[in-house]
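Have a look at the structure below, then the notes.
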Amino acid sequence: HNLHFNQYQTPHNRLLTVMRLTVLPYGGREAGAMTGAGAEDDIPLGERKTVTDFCYLLDKSKQLFNGLRDLPQYGHKQWQSYFGRTFDVYTKLWKFQQQHRQVLDNRYGLKRWQIGEVASKIGQLYYHYYLRTSETSYLNEAFSFYSAIRQRSYYYQVNKEDRPELVVKKLRYYARYIVVCLLLNKMDLVKVLVKELSEEIEDYTQRFNTEDQLEWNLVLQEVAAFVEADPVVVLNDENTVVFTSNRLQEGGVPQLEQGMVVGQLTLADALIIGNCNNQVKFSELTIDMFRILQALEREPVNLATTTSKPGTLEPSEKPAKRENPHKYLLYKPTFSQLYTFLSASFKELPANSVLLVYLSATGVFPTGRLDYEGPYDFGGVLTNTNRDVVNGETVQKRNQAQKEMHCLHPGDLFPFTRKPLFVIVDSSNSTAYKNFTNLFGQPLVCLLSPTVYPKSMQDQSQRGSLFTLFLYCPLLAFLSVCGLSSLRQGLWEKAEEFLHKVYRDIGQMITRSQAIDQAFLQFYGDEFLRLLLIRFVFCSATLRLHKLFRESRSFPESYPQLPKQDTVESSVLQKHVLELAAMLDVRSLFWDGTLDVNY
């Protein structure tokens, strides 16, 4: 259901070709006032037509671009032809201003920042293309456009103009560029861009007495906190920080082995929901959302390098096995928004496919105890209230028998269990989702975070949840739980290599267990879900052996339950955890594997 390269490919590729193969002239006269202003009759007809045609294309492109906001955010079909038309017009506009630069310079007064605006819009188009298709390679395209704007100083002259709205365009460009760099893990560049943005904001607020100074300073604070959110840094021999990608890489998942009987299901859609109070966020992405979305994507490839002929950008066939599950990123959604997106995903889910729901949210606990405990009696996770009270409704004081309205209860997910459903809940009330009932006999698994962390770990929650960190990058989480804040690159690589063997062993434990629920095996055939299941088992085994984690509430749980002896308490896995701890010189933080850790 994702957009394939050959569909609506022509405009996009023409655009790519034109942008990539052209270095815009930097020198020459800066665009100034229209030279023919007082003598319009002297302007040759052809040149007048050039300006008219350019204005038409510019207006058309703006109109189409603004129309993107009105497209439905959910559903995979409605937006594709509209995006195609928008790419087409931007291609024509870009070519036109190249071919007629001199005339537009002299007769229209085309300025460099206006060229920069067109390039910035193209960058935004690619970024939204990525959001709609989940194809990470489009992030590279967005990056190349944003990068060109900075390298060619398109916005340089903006600061000399006495127009605050132009400076805001430049600041917004920086914020968008930073988001793309964060998603591509270009953290060194992010730091440079943040410094530049900080200087731009300072200049902007000094020159214009604006009301949005606090908002821009908040943007700076948010991105700074985001960059610092990882609890551990990896250092090379020069003591420089090394940034590693945690997207799915070739060979990064244990392969299915001879004799493994697993399902043929494919993860097709994912809803990633973030509604944690006080968690680091940037641009409507909490750090938990940011991490889990990368765990559901393949490493990007550069579309320009997959071409058949040098110098052209007609792509060859789409690389094999490049499909990422389609994602919806929902930051602090209301219940009605969440349910709308859930329903849309459910409706469009192809045959033999899985819907994943990831909930990182504040827990909502039940108010009273009833004799009968059903799927609405355990609480759940918080949904946003702000936008729900539209018609002047006042929230009435509930009596004990009423349920919390702004909450996703386990029972709310029951209708969607008519199709294969994979749920991850990272919340202080994740255990509410243990009380599931598989009504329709379809594959159903819930992975549930610990609900209580040791006191020493609790102050870390603002920088993201430990449970999600394990699902995103187990080694980072392991080091964090052991109190390590840095590691040499050589040791990191050695530990990563060791973990690959551990993952393979965990995979064999899952597939060979006689007691395991079939639902786990149904999902094991999909590479993304396989890795999540393996990381979940590793997380559970690690926390069960760690001396600080003593309460049963501090261990992850699942529905259906995993057979502990075959998986999270397997002596083979316990030995592996202790070997890793010894390798990292933190063996003393863990119990000996022979201890009884049943609760």
Side-chain angles (χ1 to χ4, degrees), residues 1-2 74-76 131-136 246-248 253 262-275 285-286 288-298 323-331 333 338-361 380-381 408 410 412-427 430 433 436 438 440 442-449 465 467-468 470-472 517 519-537 539 556 558-560:
H1 58 276
N2 280 350
Y74 46 84
H76 307 314
L131 289 179
R132 294 270 184 176
T133 61
S134 294
E135 172 50 79
T136 38
N246 291 294
R247 285 188 172 91
L248 185 58
V253 192
V262 296
Q264 302 297 308
L265 297 170
T266 304
L267 178 59
D269 248 46
L271 260 76
I272 296 177
I273 293 135
N275 193 13
L285 264 186
T286 65
D288 277 357
M289 293 170 73
F290 175 73
R291 284 172 177 158
I292 209 75
L293 79 84
Q294 291 182 71
L296 299 175
E297 290 180 345
R298 297 177 192 282
E323 291 80 13
N324 292 319
H326 173 267
K327 293 184 299 298
Y328 290 121
L329 305 174
L330 302 180
Y331 173 69
L338 201 163
Y339 228 59
T340 303
F341 280 87
L342 250 177
S343 304
S345 278
F346 179 82
K347 176 175 177 275
E348 298 202 348
L349 198 69
N352 300 318
S353 296
V354 182
L355 171 59
L356 181 145
V357 178
Y358 168 83
L359 299 161
S360 161
V381 298
L408 188 77
D412 292 325
L413 292 177
F414 278 22
F416 304 104
T417 60
R418 287 174 169 84
K419 292 181 181 179
L421 186 66
F422 194 98
V423 182
I424 301 171
V425 186
D426 197 336
S427 171
S430 60
Y433 295 81
F436 245 107
N438 191 340
F440 303 104
Q442 291 292 315
L444 169 65
V445 161
C446 303
L447 305 184
L448 312 171
S449 71
S465 155
F467 180 64
T468 291
F470 264 105
L471 297 180
Y472 161 71
D517 191 287
F520 293 102
L521 301 178
Q522 291 280 350
F523 291 128
Y524 193 84
D526 179 87
E527 286 191 329
F528 292 105
L529 300 180
R530 187 184 317 157
L531 210 46
L532 288 172
L533 287 170
I534 287 170
R535 288 170 175 175
F536 174 82
V537 171
C539 169
S558 67
Y559 169 89

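Keep in mind it's a predicted model, so treat the numbers as computed, not measured. All heavy atoms count here, side chains included; hydrogens, waters and symmetry mates do not.
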Going from [atom1] on [X] to [atom2] on [Y], what distance comes out if it is rounded to the nearest 0.5 angstrom?
{"X": "D426", "Y": "I273", "atom1": "CG", "atom2": "CD1", "value": "12.5 Å"}
{"X": "F523", "Y": "L267", "atom1": "CZ", "atom2": "CG", "value": "9.5 Å"}
{"X": "L131", "Y": "H326", "atom1": "CG", "atom2": "NE2", "value": "9.0 Å"}
{"X": "L265", "Y": "K419", "atom1": "CG", "atom2": "NZ", "value": "12.5 Å"}
{"X": "L248", "Y": "F528", "atom1": "CG", "atom2": "CZ", "value": "5.0 Å"}
{"X": "L471", "Y": "L447", "atom1": "CG", "atom2": "CG", "value": "7.0 Å"}

Do the side chains of [Y] and [X] get nearer than 4.5 Å, heavy atoms only?
{"X": "V253", "Y": "I534", "value": "no"}
{"X": "S558", "Y": "F520", "value": "yes"}
{"X": "N324", "Y": "T136", "value": "yes"}
{"X": "F440", "Y": "L421", "value": "no"}
{"X": "D288", "Y": "Y472", "value": "no"}

Which residues pass the side chain to side chain donor-acceptor pair (under 3.5 Å) test with [X], not counting sequence neighbours?
{"X": "Y433", "answer": "none"}
{"X": "E297", "answer": "Y130, R247, K327"}
{"X": "D517", "answer": "none"}
{"X": "S427", "answer": "none"}

(request) Would you check, one step at a time, whether the test side chain to side chain contact (heavy atoms under 4.5 Å, CB included) holds for F436 with T417? (result) CA-CA 10 Å; F436 245 107; T417 60; 4.0 Å; yes
(message) Using every non-hydrogen atom in the two residues, find where N438 and Y559 come nearest and quote the distance to one decimal.
(response)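 N438 and Y559 have their closest heavy atoms at N-OH, 3.3 Å.
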(message) Going by salt bridge (charged side-chain N to carboxylate O under 4.0 Å, His left out), name the residues that satisfy it together with R530, two or more places apart in sequence or in a different chain.
(response)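 In terms of salt bridge (charged side-chain N to carboxylate O under 4.0 Å, His left out), with neighbours along the sequence ignored, R530 is linked to no residue.
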(request) Output, in order, the C-alpha distance, side-chain angles, deciding distance and verdict of side chain to side chain contact (heavy atoms under 4.5 Å, CB included) for Y74 and E348. (result) CA-CA 10 Å; Y74 46 84; E348 298 202 348; over 6 Å; no
(message) Test of understanding: with side-chain contact (heavy atoms from CB on, under 4.5 Å), list the residues that count as partners of S353, not counting sequence neighbours.
(response)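 side-chain contact (heavy atoms from CB on, under 4.5 Å) check on S353 returns A268, L349, P350.
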(message) Taking the ring centre of each residue, are F416 and Y339 less than 6.0 Å apart?
(response)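 Yes, they do, as the ring centres are separated by less than 6.0 Å.
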(message) Taking the six-membered ring for Trp, are F470 and F536 closer than 6.0 Å centroid to centroid?
(response)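 No; F536 has its ring centre 6.0 Å or more from that of F470.
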(message) Between L413 and L408, is the side chain to side chain contact (heavy atoms under 4.5 Å, CB included) condition met? List the steps.
(response) CA-CA 8 Å; L413 292 177; L408 188 77; 4.2 Å; yes
(request) Report the C-alpha distance between S430 and F467 in whole Å, list the side-chain angles of each, state the deciding distance to 0.1 Å, and finish with yes or no for side chain to side chain contact (heavy atoms under 4.5 Å, CB included). (result) CA-CA 11 Å; S430 60; F467 180 64; over 6 Å; no
(request) Scan side-chain atoms only and decide if T468 and Y358 contain a donor-acceptor pair under the 3.5 Å cut-off. (result)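 Judged by distance alone, the side chains do pair up.
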(message) Name the residue from L271, I292, L296, D269 that meets the side chain to side chain contact (heavy atoms under 4.5 Å, CB included) definition with L356.
(response)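 Of the listed residues L271, I292, L296, D269, the side chain to side chain contact (heavy atoms under 4.5 Å, CB included) partner of L356 is L296.
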